[in-house]
Amino acid sequence: MMALAVWRARLTGMVNAADARRHARVVQLLPLGAGSRLLVVEFGGRRLLLGQGRGALVRLAEADLASAAVEPIT
């Protein structure tokens, strides 16, 4: 959850980019349509797949950076 808070704070300008990179890094962003996109974020040795819609972020999957295995969120 902290990765989401850091990411959201970075987007809203609450922290500068250098501070945000220390904790979380947006690896890839894929627009899906009006107001929605997929994001891959690295945080704490993990890679998170996030879905962003209008006013909401949802963690869809998680993977360990040292492993290729992806754990879907149920």
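Every heavy atom of this structure was used, including side-chain atoms; hydrogens, water molecules and symmetry mates were not.
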Checking R37 against L30 for the side chain to side chain contact (heavy atoms under 4.5 Å, CB included) test, could you report, in this order, the C-alpha distance in whole Å, the side-chain angles of both residues, the deciding distance, and whether it holds? CA-CA 5 Å; R37 56 188 170 177; L30 177 66; 5.9 Å; no
Just how far is it from atom CZ of R59 to atom CG of L49, taken to the nearest 0.5 Å? 11.0 Å
For the atom pair CD (Q52) and CG (L60), what is the distance rounded to the nearest 0.5 Å? 11.5 Å
To the closest 0.5 Å, what do you measure between CD (Q28) and CG (L39)? 9.5 Å
